[in-house]
Amino acid sequence: MPELPEVETIARGLAQRVVGDVIESVWLGSKPEPLKSSAQEIATTLEGARIQSVRRVGKHIVFDLERPPTSAKTRTSKSARRTSRKNSPDNRRVRAKTPAEPVEIANWIVHLGMTGQLLVCPPDAELAKHTHAIAKLASGRELRFVDPRRFGRLSVVRSQNGFETAGVEPLDVSFDAFVPLFRKRKLPMKSALLNQKLLRGVGNIYADESLFRAGIRPRRRAATLSREKLCLLYKSVQQVLQEAIAAGGSSISDYVGAEGEPGFFQMQHRVYGREGEPCLNCGTAIKRIVIAGRSSHYCPHCQK
DNA sequence: AGGTTGACCTGGACGC
DNA sequence: TGCGTCCAGGTCAACC
């Protein structure tokens, strides 16, 4: 169940291992579910591309790809065509300013869903069940996408602007931009935190933990929170996420790092998964309720 | 239209 | 042992 800290950890691990490598070929499994773009589109975008960087956007892992101009021959023919078609002096001046043909840029987007993993392995490593995609790298290694429950998604973006999603990054947003996200909303605060179109990257675990630290009940309507309470929540969300990133994410069930190592430190959850156990502040039993189909944990005494 | 619910999917835990 | 049932939760379509 990768949320922002887990995806951040995975993206950093992948960056260390695969940046600079070139994707030579791609194999995509027969099941179409994990693909948001067509298999054809993914394959043609990835094959031959160099991985320039790996980063996180919300809960998405983004590979920035660049492809050198395919060959000198195509390049000359393309530019020749363009010059002959538009031969105005203006056009020539623009071309003169950019002597090098720009490289093609694209993004490979991976959403891990609930159980997705991206593994860097030697080619002879045993093929895990539910392997849906394999990218063979020029270094000889393979980048494998494994996802038993198939909630994960693969896609490619070729637009000039690159990949973007709605919502703001909780670790980048200013308090002044944070407040209006919740101001006129009647939904429970828990649901608001999970809404990726408002804040991107917060999932069930860190929503519960943030609300606990801010002393806010998960069912509390967003619009009823004072500016002071929102300030507490703002700080709590950032604190929880930063602590979790520092710890390498919460290691639960099938969450593992880029080489399959399971050894991340368990984050100190104060309410999540602690139903019936005493609150670490006051000793009251932690309650579990269901909001929007998600289990939510809170202390009835500390959270109002 | 904003808010809420259920379907998707599989493996693991649990009860009988 | 083995089967059935429930639960996990990210996202989206469909509903209220």
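Reminder, nothing fancy here: chain letters follow the sequence lines and each chain counts from 1.
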Dot-bracket encoding of pairs in DNA chain C, which uses [ ] for pseudoknotted crossings and | for another strand, Watson-Crick or G-U under 3.5 angstrom:
.|||||||.|||||||

Answer with base, sugar-phosphate or nothing: what part of the nucleic acid does A:K197 contact at a heavy-atom distance below 4.0 Å?
nothing

Residue pairs meeting ring-ring contact (aromatic ring centres under 6.0 Å, His included), one or both in residues 6-27 of chain A, sequence neighbours left out, come to none

Please name all residues satisfying side chain to side chain donor-acceptor pair (under 3.5 Å) with A:N107, sequence neighbours left out, ordered by chain then number.
A:D64

Partner set under side chain to side chain donor-acceptor pair (under 3.5 Å) for A:N204, not counting sequence neighbours
A:K190

Has A:R153 got a side-chain N or O lying under 4.0 Å from the OP1 or OP2 atom of C:dT11?
no

Minimum-distance nucleotide to A:Y272 side chain [options: B:dC9, C:dA8, B:dG11]:
C:dA8

Would you say the side chains of A:E6 and A:Y206 form a donor-acceptor pair under 3.5 Å?
yes

What residue pairs, at least two apart or across chains, pass side chain to side chain donor-acceptor pair (under 3.5 Å) with a residue in residues 166-188 of chain A?
A:R56-A:E169, A:E169-A:R200, A:D176-A:R227

Given C:dG10, is OP1 or OP2 found less than 4.0 Å from the side-chain N or O atoms of A:R200?
no

Using distance only, find each side-chain donor-acceptor pair of residues 286-295 of chain A under 3.5 Å and give its atom names and separation, not counting sequence neighbours.
none

With sequence neighbours excluded, tell me which residues meet side chain to side chain donor-acceptor pair (under 3.5 Å) with A:R50.
A:E66

Rounding to an integer number of angstrom, what distance separates B:dG12 and C:dT11 when you compare their P atoms?
23 Å

Spacing of A:R274 atom CZ relative to C:dA8 atom P, expressed in whole Å
17 Å

Polar-atom pairs under 3.5 Å, protein N or O versus N or O of nucleotides 3-6 of chain B: list them with distances, or write none.
from, atom 1, to, atom 2, distance (Å)
B:dG3, OP1, A:K186, N, 2.8
B:dG3, OP2, A:R185, NH1, 2.7
B:dT4, OP1, A:R221, NH1, 3.2

Going by centres under 5.5 angstrom and planes under 30 degrees, do the aromatic ring of A:F151 and the base ring of B:dC8 stack?
yes

Side chain of A:M114: nearest nucleotide among C:dG9, C:dT11, B:dT10?
C:dG9

Report, one line per pair, each donor and acceptor closer than 3.5 Å where one atom sits in a side chain of residues 123-131 of chain A; sequence neighbours left out.
from, atom 1, to, atom 2, distance (Å)
A:T131, OG1, A:A128, O, 2.6

